[in-house]
Protein chains: 2
Amino acid sequence: MAGEMAGGMASDGGGGAGRTDGETGLPASLETAWGLRARPSKGPRPGLSLDRIVRVGIGVAAAEGVGAVSMGRVAKELGVSTMSLYRYVSAKDELYVLMEDAAVGPPPPMPADVDGWRAGLEWWARAQREVFHRNLWLLRIPISSPPASPHSLQWMERGLAALADTGLDEGRKISVIMLIGGYVRNEATLMADLHAAMTARGLAPDEVMRRYERTVDALTAPDPGRYPALRHLLASGALGAPDESPDTEFEFGLGCLLDGVEVLVGSGGGATRTA
Amino acid sequence: MAGEMAGGMASDGGGGAGRTDGETGLPASLETAWGLRARPSKGPRPGLSLDRIVRVGIGVAAAEGVGAVSMGRVAKELGVSTMSLYRYVSAKDELYVLMEDAAVGPPPPMPADVDGWRAGLEWWARAQREVFHRNLWLLRIPISSPPASPHSLQWMERGLAALADTGLDEGRKISVIMLIGGYVRNEATLMADLHAAMTARGLAPDEVMRRYERTVDALTAPDPGRYPALRHLLASGALGAPDESPDTEFEFGLGCLLDGVEVLVGSGGGATRTA
DNA sequence: CAGTAATGCGTATGCCTTACGCAGTACCTG
DNA sequence: CAGGTACTGCGTAAGGCATACGCATTACTG
């Protein structure tokens, strides 16, 4: 299990891609991604580029999952030796961050007809969801640190911007952004799990849920008195055959969330009740 | 990165702990955890037990993180050989599931003074959060399949029970449960990340956030016009020194969520708008 | 034309999971 | 009580993984 410890951005590689801590406190590869850092004009011209490495990494991840992305694998795909990559990236986790940022990309331009904070957030959430759905492997990369990559910050900017004229104070805005961002990620992850379970064996999506229903049924049947609510749920059949599409389900949750935010905004809840 | 593909419960180990698919479709070890499955009275008495293995696994995870939990490590701790464990568990991921279930434990009894669906859900969410906070390593185990372990189902039962007299239809109840469960997990994960970043280097929690603030500042300063909302946020200082405790922050999000659910319940939104 | 810094990469270490198969054990049947 | 047999623990080994270290090579700078 790689990259499990959070915050493990780099452990100071002795190689060529260590830390700078000059200004940003970011690892060298990320500073390169931000476009700070000119190529030193001394040694031989690099035969590779961060960009190429990241692109290949994404290709492997998209085709075979993040688990297939190893330094060796990426190197082989590029026709270079494994260790070459460490001249560009100081650790595998750093490669992950770069892959993530590249795949996420910049937020698309917001349509002109989106008006008001609620519509803005809705749009923001849906756009983010689309990104995840296009790159399911993204969801398998554990979050290791607060967003500091170029595109992440652009998305963050957009989210905050949507809340600009709500009157919420800044702390609240972050909370709301994280609340909704977390929801989107969570929902997408669940869908990705279902999808994975589906393709792992050759099952239709309904079949997966029906099996799960049967499992829960078999487990709770011996002692129904202990699981009244679950038994009720099973009897309704809602578990095995949800009568909503994933999209509607998503919109439901999002609506719920935004209703909650609306209560906050409406109440003039800008002021932070300090605990 | 182990256990990354979802649904990868077992790949049919050739050893002793394969699948049954008799009734539940669960791997053998989980059926043992459910108390189905009597020990076959044939061979030598097992020198180990699932329980002991799982307990040791939890011990290692609690002390050194999930990353330190390897089959070899657990075996060494038990004074047996690595391969012995595979008589009890068909794959490492299965061990994870069992560790998770054991650590989560059954939901505590609900206090008598908790009344109404809203208070019930609040209690449920807080109780779950406490479990995560007591076992931060839990959050590093990727969710690989819908909950089917004994304690997971008990928690699910409790959540559903809290919604019993809301009039919501069963599909909606699942949605709400997943919405809140997801929120709790997400919030706990963020806290765990912060905690990990904190202990990784010897920093105070505020220091971590202050550094992040400085990073974002350094990154957005060169082109402020591109990040108006972020610059505004930075100017407010809310990023580096949030004036709320994590607990208040959590309650804020939960309140938001429940406000949203309340809108749904109040509107008599039991009927599912089929897409 | 030196000096120098950065490059690619070979080698090696120490992890990890897990397939396979053997030898021993304890119960059940006759 | 003898023998079959299912089940146990575990030795061996294969194949992956990230990455530390150091060397030869390259191309720019003075």
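All values reported here derive from a predicted model rather than from experimental measurement. The sequence lines fix the lettering, A, B, ..., with proteins before strands; numbering per chain opens at 1.
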Kindly point out which of [options] is positioned nearest to the side chain of [X]?
X        : options                   : value
Pro44(B) : dA18(D), dC28(D), dT25(C) : dT25(C)
Arg87(A) : dC10(D), dT17(C), dG8(C)  : dG8(C)
Met83(B) : dG11(D), dG9(D), dC16(C)  : dG11(D)
Lys42(B) : dT18(C), dG4(D), dC9(C)   : dG4(D)
Pro46(A) : dT7(C), dG10(C), dC28(D)  : dT7(C)
Met71(A) : dG9(D), dG8(C), dA18(D)   : dA18(D)

Check against side chain to side chain contact (heavy atoms under 4.5 Å, CB included), Asp193(B) and Ser144(A): CA-CA 7 Å; Asp193(B) 284 352; Ser144(A) 59; over 6 Å; no
Send over the distance from [X] [atom1] to [N] [atom2], rounded to a whole Å.
X        : N       : atom1 : atom2 : result
Leu85(B) : dT8(D)  : CG    : P     : 13 Å
Ile53(A) : dA18(D) : CD1   : C1'   : 15 Å
Lys76(B) : dT17(C) : NZ    : P     : 12 Å
Tyr86(A) : dA18(D) : OH    : P     : 6 Å
Glu94(A) : dA18(D) : CD    : C1'   : 14 Å

Any donor-acceptor N/O pair, Glu94(A) side chain to Val89(A) backbone, under 3.5 Å: no
Main-chain N/O of Asp101(A) paired to His151(A) side chain as donor or acceptor, under 3.5 Å: yes
Nearest-nucleotide comparison on DNA chain C, the residue closer to the 5′ end among Gly79(A) and Thr82(B): Gly79(A)
Please confirm whether the shortest side-chain N or O distance from [X] to OP1 or OP2 of [N] is below 4.0 Å.
X        : N       : value
Tyr88(A) : dT7(C)  : no
Arg45(A) : dC28(D) : yes
Ser81(B) : dG9(D)  : no

Interatomic spacing from CG in Leu85(A) to CG in Leu78(A) - rounded to 0.5 Å: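 Here the rounded value is 6.5 Å.
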Atom NE2 of His195(A) with >12 non-hydrogen neighbours under 6.0 angstrom: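 It does not: His195(A) NE2 has 12 such atoms or fewer within range.
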